Amino acid sequence: MSTPQLDKIYDPKAVEARWSQIWNQQGYFHASPTHSGQPYCIVIPPPNITGSLHVGHALNHSIQDILIRWRRMQGLNVLWLPGTDHAGIATQNVVEKQLMAEGLSRESLGRERFIERVWQWKAASGDTIIRQQKRLGESCDWDRLRFTMDEGLSKAVLEVFVRLHEEELIYRGERLINWCPRCLTALSDIEVEHEEIKGKLCSIEYPLEQDPAIRLTVATTRPETLFGDSAVAVHPEDPRYNRLIGQRVRLPLTHRTIPIVGDAILVDREFGTGAVKITPAHDFNDFEAGERHGLPRYSIFDHQALLDPERLKAAGVEQALIDAVATLPVTKARPKIEQVLKDRGLLTKVDDHKMSIGKCYRCKTVVEPYLSPQWFVKIKPLAEPAIQAVEDGRIRIIPDGWTNNYLGWMRDIKDWCISRQIWWGHQIPAWYCRHCNTESLVETEHRIPGVTYGPGHTPKRLVILSTAKPIVAKQAPASCPLCNGTELIRDPDVLDTWFSSALWPFSTLGWPNHTPELKTYYPTSTLVTGLDILFFWVARMIMMGLKFMGDVPFRDVYIHALVRDAEGQKMSKSKGNVIDPLHVMEQFGTDALRFTLASMASPGRDIKLAEERIEGYRNFANKIWNAARFSLMNLDGPRAVTIPSERTFPDRWILSRLNQTIRSVTSELEAYRFDRAANTLYQFIWHEYCDWYLELIKPTLQDPASQDGPGTRQTLVETLETTMRLLHPFMPYLTEEIWHTLPHQGESIVIQTYPKPESSWVAPEMDHRFALLEQTIGLVRTSRVLLNYPPAQQIMFYVAHDEPQQQDHLHELRSHLSHLGRGTVDLAPPTHWPTGNLLRLVAEGLSVGIKVAGDVDLNKALDRITKEQSEQTKEIQRLEGKLRNQEFIAKAPPEVISDHQDRLKSLRRDQSMLLSSAQQVQAMLGA
RNA sequence: AGGCGGAUAGCUCAGUUGGGAGAGCGCUGCCCUUACAAGGCAGGGGUCACAGGUUCGAUCCCUGUUCCGCCUACCA
């Protein structure tokens, strides 16, 4: 029989490339509704096509792959559906940047050619992350790769939009929305990131119209918006001001006067001066206050957040000031305005003030509240069932702690702004009849400085006022249903990318068609995601799934941690502290990275990732590799299958431990405790299988005449093969490689069955026996170190136990004791041991004595014994104290009391033996 | 401001019916013992953040405090 030889060190690179290719070629990951087994489906959180694999993906995907490989091996009908999303704003930004480098712009290309250009970009660069995912060994059904802009998924988007519109759950209206002046588009509330900054609070005086000598002082952080003020609010119960309500003030720097209104909602009497300017077109709270008081809205910025001279004029601003600030951005206009106010004696105070500003989550530009017509989803009716689904447990959020977070957000949810003023994405299926909307369709010439426009592309900007009446349909209507006019303009806006992502769990399975896939795999089983997209994505999938499928999109939502750097800082390119998973995979191997991430995925705690950790698990992979290598070197010879109870002590013990390991790994996976599953495997493989089992069986394997040989070889193969299957979801490459070198049936470990607990392996008595062995060998080894005996030196040692049964076990363990203790063992009772030249250590009734030979320093040994004595004395006193306590005796459970008594007895016994050990050593030292 | 989470060995973290405090890495000493030096063996190291309370007994349950992190909202 020829045995394959393995290299001394595991080389992941060669192994990974090979298996990755074979797995995909063989179609192991291909799912089909016709396959047998209960369906188990995960849809991947679609990464962005502009992205490349970062360590957060690596964690997210490793966890999914562990679940998927585990369930596949369990015989379920598994589908892991991969894909990417089109990331409207991000992708458009990337392509625009490219165009800029070529001296072009999207405006110069025009919409159609620009979109073509994005598709080209996608074809060339959009699957970077997919290739990287394959390297991570992800067992997705790659044949089913989906993209949010695919034909099928786009069809789903149309269907959903039209149906929601029919049910009046989608509407168009003019609202104050968050606007990114760089991306030139609306954003939803949650696409704005808030950041604390040090700002200034300006006190500005507004003279009363009737008596300009009296001035009302307002406090503001944004003095430039004063041009858009339409009132000043005070608290109706504030005695300082309430008599002024109904009067008017002169709005500085303008020709306007504005009313003083009483508003208990807006005004906090304690804050600032107690008087607030109301600027309905530029602040969300002011917008609502404006509604309450029927105030006009003066919008003073254009869409790039530059002060717009036309609008300033309409707001009655003094011409000199218009000239001074026109077309300036806020940052430049503000100081100028402050200066003018100061010159006129109206700016009386500037205080430092902590405040937060909103930034675009894609480009970090400061967003502006901007008044514009937009499309919205009326969200409350959709949120209701989505709240219930979580409340009544149809959807489980794991860890449970995030449930309240979800519920709180859902109960307070705001309408969702879904229109984006960009080109890349699903264009809104709404058309406007020119004839019927002549007043509402306003086209203005709009040249962007520095842009050369191609022939036929007039730089026009179409504004569709909120009064325009849209025709919403899946296809472009041939004519206007009202006037039969044929001049129809399509709404230029596209939908928020998350709108299409919200449909992901069913649009990817073929909806709106009734496909077998949809029938088999919906609802999906588990969603694995990070907390950052709980609201963006998870909540919206739940709403849409319930609405359009009538059922939840998934049963379990597993929320994993954020990966940070070793110092706990968020990783970011600008900080330069990113750990590149591809580099790590190159350096330490994919399996090491995967195992590291799994082992650190403790719930509710962020992962602080350091390279040393990955290195540690690289070493683990190498350890496993060498265990396999050892096995192969020792497998020559016949193997015999016998029932477990007839096998040797080491075999029965390792089977018992393996059984327990299978149990706990399985139950930890069921509980989504990847960390504990990984640590259980680590502990078993390294510290039981390698450290003890392989050592215990060496004499048998290396003795060709041993009677135990055939059985031991059998157990060795059996346990190693089983362990490889158990570990496979975590370390797919290494286990596949090793599995193939072992005697096996089948063509790949990927499609083998996952180990199940085996009752015939259970042997608690072997576990106890092992504990005795381990303790004995531990004392022998400690003694050797104390006496400076090198490991190779054969020694003479004595072992005895107080309890007859344990003493019997020691006899049964004799050969293992002498092998692992490296010497000759004498099992005579301590009364027969030599009294001189012996070092004796004691633990729980067990005594180990080692002959002291040659010139050794016994002081170390004496220190050790003395220390042990004092620790034991302390523990004895503690236990005695407890047992003397009448209340303890009266109230503690009997088993606790007897346990305490047993321990005390054992300690007292040990103590007296230790005392004689100490005396003997002292005698030797004295001699 | 509100909500949530965390504080355990030098570092990173486990630790549920409350009863002797653990792992990995790092550190110290010895050893290239025929699978593995990416290794083996042994060892040191912790008033479990602080203060109260409940209990015979608290790292664990309750209350409060401090510090750190995150989320949500507001901040004229």
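Per chain, numbering begins at 1; letters A, B, ... match sequence-line order. No experiment lies behind these values; they were computed from the predicted model shown. Below, each value reflects all heavy atoms present in this structure, side chains not excepted, and no hydrogens, waters or symmetry copies.
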Rounded to the Å, how far apart are [X] [atom1] and [N] [atom2]?
X	N	atom1	atom2	result
A:D268	B:A73	CG	C1'	15 Å
A:N404	B:G2	CG	C1'	13 Å
A:N634	B:C36	CG	C1'	13 Å
A:I559	B:C70	CD1	C1'	13 Å
A:L879	B:G19	CG	P	15 Å
A:K891	B:U55	NZ	C1'	8 Å
A:L820	B:C41	CG	C1'	12 Å
A:F630	B:U34	CZ	P	12 Å

[X] vs [N]: side-chain N/O to OP1/OP2 distance below 4.0 Å:
X	N	result
A:N619	B:G39	yes
A:H687	B:G24	yes
A:R676	B:A14	no
A:W686	B:G40	yes
A:S602	B:C13	no

When all nucleic acid strands are considered with a 4.0 Å heavy-atom cut-off, which category describes [X]: base, sugar-phosphate, or nothing?
X	value
A:E615	nothing
A:E695	base
A:Y682	sugar-phosphate
A:H235	nothing
A:R884	nothing
A:V218	nothing
A:R613	base
A:I9	base
A:Q886	nothing
A:N679	nothing
A:D899	nothing
A:R411	nothing
A:K414	nothing
A:R564	sugar-phosphate

Check every atom of [options] against the side chain of [X] and return the nucleotide holding the closest atom.
X	options	result
A:T782	B:A38, B:G43, B:C56	B:G43
A:K8	B:U16, B:C13, B:A37	B:A37
A:R673	B:G39, B:C36, B:G15	B:G15
A:K867	B:G40, B:G44, B:A42	B:G44
A:R781	B:A42, B:A35, B:C13	B:A42
A:Q702	B:C56, B:U34, B:G45	B:U34
A:H900	B:G19, B:C13, B:A38	B:G19
A:M600	B:U12, B:C41, B:G24	B:U12
A:P791	B:U33, B:C56, B:C36	B:U33
A:H194	B:A73, B:C71, B:A35	B:A73

Please determine, for [N], whether a Watson-Crick or G-U wobble partner exists with both distances under 3.5 Å, and give it or none.
N	value
B:U72	B:A1
B:A51	B:U63
B:G19	B:C56
B:G26	none

| Are the aromatic ring centres of A:F620 and A:F588 under 6.0 angstrom apart? |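 Distance test on ring centres: not under 6.0 Å, no.
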
Can you tell me, in whole Å, how much space there is between the [atom1] of [N] and that of [M]?
N	M	atom1	answer
B:U63	B:A42	C1'	46 Å
B:G18	B:G5	C1'	23 Å
B:U54	B:A58	P	11 Å
B:G46	B:C41	C1'	24 Å
B:G24	B:G2	P	43 Å
B:G26	B:U65	P	41 Å
B:C56	B:G40	P	48 Å
B:G22	B:G29	P	25 Å

| said: Pairing donors with acceptors under 3.5 angstrom, does anything connect the side chains of A:S599 and A:Y682? | reply: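 The criterion, which ignores hydrogens and geometry beyond distance, is not satisfied for A:Y682 and A:S599.
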
| field | hbond_proxy A:R618 side chain to B:A38 base (donor-acceptor, 3.5 Å cutoff) | value | yes

| query | Can you find an N or O donor on one side and an acceptor on the other, under 3.5 Å apart, linking the side chain of A:K623 with the base of B:C36? | reply | yes

Looking at side-chain heavy atoms only, is the closest gap between [X] and [Y] below 4.5 Å?
X	Y	answer
A:L407	A:I387	yes
A:V218	A:V276	no
A:I258	A:K277	no
A:E895	A:D899	no

| query | So, is the end of the A:K623 side chain (NZ or CZ) under 6.0 Å from the ring centre of A:Y10 and within 45° of the ring's axis? | reply | no

| request: Would you verify whether the NZ or CZ of A:R657 falls within 45 degrees of the ring axis of A:W686 while also being under 6.0 Å from that six-membered ring's centre? | output: no

| Toward the 5' end of RNA chain B, by each residue's nearest nucleotide, A:G616 or A:N788 |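 The residue mapped nearer the 5' terminus is A:G616.
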
| query | If you pin A:G778 and A:G401 to their nearest nucleotides in RNA chain B, which one's is more 5'? | reply |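 Nearest-nucleotide comparison on RNA chain B picks A:G401.
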
| field | Distance (rounded to the nearest 0.5 Å) between A:N622 CG and A:L734 CG | value |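 So the gap between those two atoms works out to 9.0 Å.
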
| field | A:G262 to A:H293 - nearest heavy-atom pair and separation | value | O-CE1, 3.2 Å

